[in-house]
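Reading through the structure tokens given below for one structure.
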Amino acid sequence: MPKKIGIIERYAEFLPITDKTPIVSLNEGNTPLIISEALPKEFNLDFKVYYKFEGLNPTGSFKDRGMTMAVSKALEEGYKAIMCASTGNTSAAAAAYASRSGLKCFVLIPEGNIAKGKLLQAYRYGAKVIQIKGNFDDALNLVKEITDSHPVKLVNSINPYRIQGQKTAAFEIVDELGKAPDYHLIPVGNAGNITAYWMGYKEYKEHGKNKTLPKMCGFQAAGSAPIVENRIIENPETIATAIRIGNPASWDGAVNARDESGGLIEAVTDEEIKWAYRFIAERDGVFAEPASCASVAGLIKLVKRDYIKPGSTVVCTLTGSGLKDPDIALSFDDEVITVDSNKDKVLDAMNLKL
Ligand code: F0G
């Protein structure tokens, strides 16, 4: 049996850790790169598309990669407590790694705007959950203020160790493909992840692991697209609550990734996100949360204007598991069938015509 290890042990030489860093890990990372069979068929594509499925991390999102680093370093620095603002996934990851390390965890979330699966994770991992009557941007400002003046470590992605951990997803992709993809498509919310991937691809190239770099293509939700519109959005809106953010902390990092790589950052509508969300689950067997599907919605937009060159390799990051958001999952016009517990009735309902 190969030893199951997390991203810190796997990529130690590329991470700012020392012999004294107490590694807090839940065997995060090593997530599958799944080739899409349905997208090329549906759109007659002349290039390959892979999903980097981050929903298979221990708490169901890519945040675990950053949190193993942030919590390990907080422990090394002697902190007793951590805190984050979150649209849900960061708080789930923070709560889990805090639980494992014995740190106290405080999470600040926008009331009524986080998916149920994420909320229940924060409670069950034992965090102190505080909901505010405000949005994510308000929550992050409060967390910055509080952690600036109290001995509590901030573990949002403005904590540089978060980005360090998250860059390992790019390493895994290069390790598996044997090269960097030509295009990397990714949802953008607070903009830490696009910043992290770009850092990862560049660092790995410096070490000779990949010879080329991908064009970084970020996608925001249309009602929450500050980078696309080049202005702070005061009241961001989208069904993809994970990326309902009007003033991203890593704004500059995202713009830099876009410009250095010759890529783009664009918006996709809620309708486009929902279409992609259903398509990849119903046709490719991959169930990712709505925000994740901004990358696939973006791909379809780019396909429609022939942006991707034939023969290319494209990777779409699917940032979180579809199980996180049961309310959205059950909000479609699914036929609900209930019959008596009787073979004929069941066969009737099956309407079997094979
Ligand atoms: N996808 C999902 C599922 C997310 O949870 C997030 C961010 C993103 C994409 C965007 O990534 O912020 O690095 O650009 N979620 C944060 C949170 C904000 O609090 O869980 P980003």
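Start at 1 and go down the list; that is how both ligands and their atoms are numbered.
The protein heavy atom nearest to atom 11 (O) of ligand 1 is F62 CZ, 3.5 Å. Closest to atom 16 (C) of ligand 1, if we only count protein heavy atoms, is K63 NZ, 2.9 Å.
Ring centers of F47 and Y183: at least 6.0 Å apart, outside the cut-off.
Backbone and side-chain nitrogen or oxygen atoms of F136 are examined, and none is located within less than 3.5 angstrom of a nitrogen or oxygen of ligand 1. At under 3.5 Å, a nitrogen or oxygen of G189, whether backbone or side chain, sits near a nitrogen or oxygen of ligand 1. Geometrically, ligand 1 and E289 share no nitrogen or oxygen pair separated by less than 3.5 Å. In terms of polar-atom proximity, Q166 is not counted as a contact of ligand 1, lacking any N or O under 3.5 Å from an N or O of the ligand. At least one N/O-N/O distance between A191 and ligand 1 falls below 3.5 Å.
Looking at N193, I245, V188, it is N193 that brings a heavy atom closest to atom 13 (O) of ligand 1.
Distances below 4.0 Å separate heavy atoms of G192 from the following atoms of ligand 1: 13 (O), 14 (O), 21 (P). Close approach of ligand 1 to N89 (heavy-atom distance below 4.0 Å) involves ligand atoms 2 (C), 3 (C), 4 (C), 5 (O), 20 (O). Interface atoms of ligand 1 facing T87, defined by a heavy-atom separation under 4.0 Å, are 15 (N), 16 (C), 17 (C), 18 (C), 19 (O), 20 (O). Of all atoms in ligand 1, listed by their number and element, those nearer than 4.0 Å to a heavy atom of T90 are 16 (C), 17 (C), 19 (O), 20 (O). Close approach of ligand 1 to T319 (heavy-atom distance below 4.0 Å) involves ligand atoms 1 (N), 2 (C), 3 (C), 9 (C). Taking every non-hydrogen atom of N190 and a distance limit under 4.0 Å, the qualifying atoms of ligand 1 come out as 12 (O), 14 (O), 21 (P). Atoms of ligand 1 lying under 4.0 Å from any heavy atom of S86, numbered from 1 in the order shown and given with element: 17 (C), 19 (O), 20 (O).
Side chain of D325 to backbone of A115: no donor-acceptor contact under 3.5 angstrom is found. For T90 (side chain) and S86 (main-chain N/O), no donor-acceptor pair under 3.5 Å exists by modelled atom type. No donor-acceptor pair closer than 3.5 Å links the side chain of S224 to the backbone N or O of A221. Checked by atom type and distance alone, the side chain of S321 never pairs as donor or acceptor with a backbone atom of A288 at under 3.5 Å.
Here I243 has side-chain heavy atoms under 4.0 Å from ligand 1, and that is the only part of it that gets that close. Residue K324 does not touch ligand 1, judged by heavy-atom distances below 4.0 Å. Counting heavy atoms closer than 4.0 Å to ligand 1, residue K118 contributes nothing at all.
Here the CD1-OG distance, from I109 to S91, works out to 6.0 Å after rounding to the nearest 0.5 Å.
Using a 30° and 60° split on the angle between ring planes, W275 and F279 fall in the parallel class, below 30°.
For K205, there are no side-chain hydrogen bond (donor to acceptor under 3.5 Å, both in side chains) partners two or more places apart in sequence or in a different chain.
Judged as a ring pair (Phe, Tyr, Trp, His ring centres under 6.0 Å), the pairs with a partner in residues 134-180 (not counting sequence neighbours) are, in order, Y11-F171, F14-F171, F171-Y204.
Heavy atoms only, all atoms of each residue included: C217 and L302 are closest at SG-CD1, 4.3 Å.
Hydrophobic clustering (ILVMFWY, side-chain heavy atoms < 4.5 Å, transitive): W251 and V188 are in one cluster.
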